[in-house]
Amino acid sequence: MASILPAENIKFEEPMCRHTSFRTGGKAACLVQIEDVRQLRLLLSYLRKTENQFFILGNGTNLLVSDRGYDGVIIQIGSGMSDIKVEQERICVQAGALLSQTARRAMEEGLAGMEFASGIPGSIGGGIVMNAGAYGGEMRQIVESVTVLNADGEEMELDCDTMEFGYRTSVIRNRPFIVTQAVLKLVKGEKEEIRIKMEEFAVRRRAKQPLEYPSAGSAFKRPEGYFAGKLIMDSGLRGYRVGGAQVSEKHCGFIINTGNATSEDIAELMTEVQERVKERFGVLLEPEIVRLGNFSGI
């Protein structure tokens, strides 16, 4: 591995609480930070030959890592792969760029259509995998094509239809594909109008979401015909706690780390919420948060 990556990009026994928005999680056996597609391709080939398990990490904003850690390699696609290039109404952006960073660049270029993503804390890669969205907008509305590496390390270009975008999902959820970049198709707009719209979304977000606490955004997907937060609130779970994890009093769809939560606290609280809502309303909430590693009872 040392022949593929600079030594400073390889971290052994790395605490994952440093790399997740929940600020929890045990140590990864190894975390590597990728700088370009060549490194990624070589590393994937090495890991598959040596039969090492691995996990692709973006900005860690939708991830809960076990307190026991992860006995494998975390491949972080971040700032080393975050180039943003604008050509007329298209933005070619690498997977490690932040959604918020890309939305700001779009605004600066007078391109409209990405305002919804300006407050989403994840990366482009993660946002595409889960078809991230907010305030009526989703990635599938602006994605023209996605470049991925397949299981053999070959580069493939997928158009929007091939991506099979759905509610918080895409074809990549069930395929061994890794997003390396995307082309976003936007429309010409007035820079000041775009900025105002982004600020309006930011004001709404600050008013309704517990941004002052570590969390991973919405803990559960929206069930058809319902809102997860309202189901949780109507189940009497506003402010309900397990250890340092709490159902947010500000927005019941969020589970927050009040300061000393463990990943086990968060996982246990999520299970309790699912059981209470199922018992009260007959609706099984599906987690939106991805879990990595081993948890009690799972």
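All values reported here derive from a predicted model rather than from experimental measurement. All heavy atoms count here, side chains included; hydrogens, waters and symmetry mates do not.
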Legend entry - Working for salt bridge (Lys or Arg N to Asp or Glu O under 4.0 Å), residues Arg68 and Glu264: CA-CA 9 Å; Arg68 299 175 176 86; Glu264 201 66 44; 3.7 Å; yes
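- Closest non-hydrogen pair, Ala28 versus Ile74, comes out as CB-CG1, 3.6 Å.
- Taking the side chain as every heavy atom from C-beta outward, Glu144 and Cys160 never approach each other to under 4.5 Å.
- Every pair tested for ring-ring contact (aromatic ring centres under 6.0 Å, His included) that includes a residue from residues 81-105 fails, sequence neighbours excluded, so the list is empty.
- Applying the ring-ring contact (aromatic ring centres under 6.0 Å, His included) test to pairs two or more places apart or on separate chains, none has a residue in residues 22-66.
- A side-chain donor-acceptor contact under 3.5 Å links Ser263 to the backbone of Val65.
- We find the CD-CD1 distance between Gln246 and Ile266 to be 12.0 Å, quoted to the nearest 0.5 Å.
- Partners of Pro121 by side chain to side chain contact (heavy atoms under 4.5 Å, CB included), not counting sequence neighbours, listed by chain and number: Thr61.
- The hydrophobic cluster of Leu98 has no other members, since no ILVMFWY side-chain heavy atom comes under 4.5 Å of it.
- Panel note: side chain Thr50, backbone Leu47; a donor-acceptor pair is recorded below 3.5 Å.
- Here the rule is side chain to side chain contact (heavy atoms under 4.5 Å, CB included) with Met198, and of Glu193, Met107, Met114 only Met107 fits it.
- For residues 112-161, every residue pair satisfying the ring-ring contact (aromatic ring centres under 6.0 Å, His included) rule, not counting sequence neighbours, is listed here: Tyr135-Phe201.
- Around the CG atom of Asp71, the shell of radius 6.0 Å holds no more than 12 heavy atoms that belong to other residues, nucleotides or ligands.
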Legend entry - Step-by-step salt bridge (Lys or Arg N to Asp or Glu O under 4.0 Å) determination, Glu272 to Arg276: CA-CA 6 Å; Glu272 179 69 18; Arg276 293 273 287 272; 3.4 Å; yes
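- Put simply, the side chain of Asn257 never gets that close to the backbone of Ala245: no donor and acceptor are under 3.5 Å apart.
- The hydrophobic side chain of Val183 is isolated, with no ILVMFWY side chain under 4.5 Å apart from it.
- Judged by distance alone, with hydrogens and angles left aside, the side-chain atoms of Glu35 form no donor-acceptor pair with the main-chain N or O of Leu5 at under 3.5 Å.
- Put simply, the side chain of Val171 does not reach to within 4.5 Å of the side chain of Phe165, judged on heavy atoms.
- No side-chain donor from either of Gln181 and Gln94 sits under 3.5 Å from a side-chain acceptor of the other.
- The side-chain heavy atoms of Arg41 and Leu149, taken from C-beta on, include a pair separated by under 4.5 Å.
- Formation of a donor-acceptor pair under 3.5 Å by the Ser21 side chain with backbone atoms of Ser215 is found in this model.
- The number of heavy atoms from other shown groups lying within 6.0 Å of CD (Glu268) does not exceed 12.
- In this structure, the side chain of Thr271 engages the main chain of Ala267 through a donor-acceptor pair within 3.5 Å.
- For the pair Met163 and Ile172, the minimum side-chain heavy-atom distance is below 4.5 Å.
- With contacts defined as side-chain heavy-atom distances shorter than 4.5 Å, the pair Leu64/Val290 does not qualify.
- Judged by distance alone, the side chain of Ser66 and the main-chain N or O of Asn294 form a donor-acceptor pair under 3.5 Å.
- Side chain of Asp67 to backbone of Thr262: no donor-acceptor contact under 3.5 angstrom is found.
- Within the 3.5 Å criterion, the main-chain N or O of Arg38 finds a donor-acceptor partner in the side chain of Asp36.
- For Ser248 (side chain) and Cys252 (main-chain N/O), no donor-acceptor pair under 3.5 Å exists by modelled atom type.
- Counting heavy-atom neighbours within 6.0 Å of Arg48 CZ, excluding the residue itself, gives a total above 12.
- Heavy-atom neighbours of Glu87 CD from other residues, nucleotides or ligands within 6.0 Å: at or below the threshold of 12.
- Closest of all the heavy-atom pairs between Ala182 and Ile128 is CB-CD1, 3.3 Å.
- With respect to Ile178, the side chain to side chain contact (heavy atoms under 4.5 Å, CB included) criterion is satisfied by exactly one of Val148, Val37, Ile77: Ile77.
- Rounding to the nearest 0.5 angstrom, the gap separating the CG atom in Asp265 from the CG atom in Asn260 is 7.5 Å.
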Which pairs of donor and acceptor atoms, one on a side chain in residues 230-238, lie under 3.5 Å apart (sequence neighbours left out)?
unit_1	atom_1	unit_2	atom_2	d
Lys230	NZ	Asp234	OD2	2.6
Ser235	OG	Leu231	O	2.8
Arg238	NH1	Glu249	O	2.3

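- Remark: of the listed residues Glu212, Glu200, Glu199, Glu199 is the sole one forming a salt bridge (Lys or Arg N to Asp or Glu O under 4.0 Å) with Arg206.
- Shown here for Val187 and Glu89, the closest heavy-atom pair between the two residues is CA-OE1, 4.3 Å.
- Between the side chains of Arg241 and Thr258, a donor-acceptor pair is found at a separation under 3.5 Å.
- Applying the ring-ring contact (aromatic ring centres under 6.0 Å, His included) rule to pairs touching residues 232-265 yields His251-Phe254, sequence neighbours excluded.
- The stretch residues 106-124 participates, sequence neighbours left out, in these side chain to side chain donor-acceptor pair (under 3.5 Å) pairs: Arg105-Glu109.
- Taking 4.5 Å as the limit, some side-chain heavy atom of Met270 sits within range of a side-chain heavy atom of Ile255.
- If you take CG on Leu31 and CD1 on Ile75, they are separated by 9.5 Å, rounding to the nearest 0.5 Å.
- Other residues, nucleotides and ligands contribute at most 12 non-hydrogen atoms within 6.0 Å of the CD atom of Glu279.
- For Glu224, the CD atom counts as loosely surrounded, since its 6.0 Å shell holds 12 or fewer non-hydrogen atoms of other residues, nucleotides or ligands.
- Every residue two or more places apart in sequence or in another chain that forms a side chain to side chain contact (heavy atoms under 4.5 Å, CB included) with Cys30 is listed here: Met1, Ile10, Phe12, Val32, Val73.
- Residues passing the side chain to side chain contact (heavy atoms under 4.5 Å, CB included) test with Tyr167, sequence neighbours excluded: Glu138, Lys221, Arg222, Glu288.
- The number of heavy atoms from other shown groups lying within 6.0 Å of NZ (Lys11) is above 12.
- Every residue two or more places apart in sequence or in another chain that forms a side chain to side chain contact (heavy atoms under 4.5 Å, CB included) with Ala132 is listed here: Leu99, Ile120, Met130, Met139.
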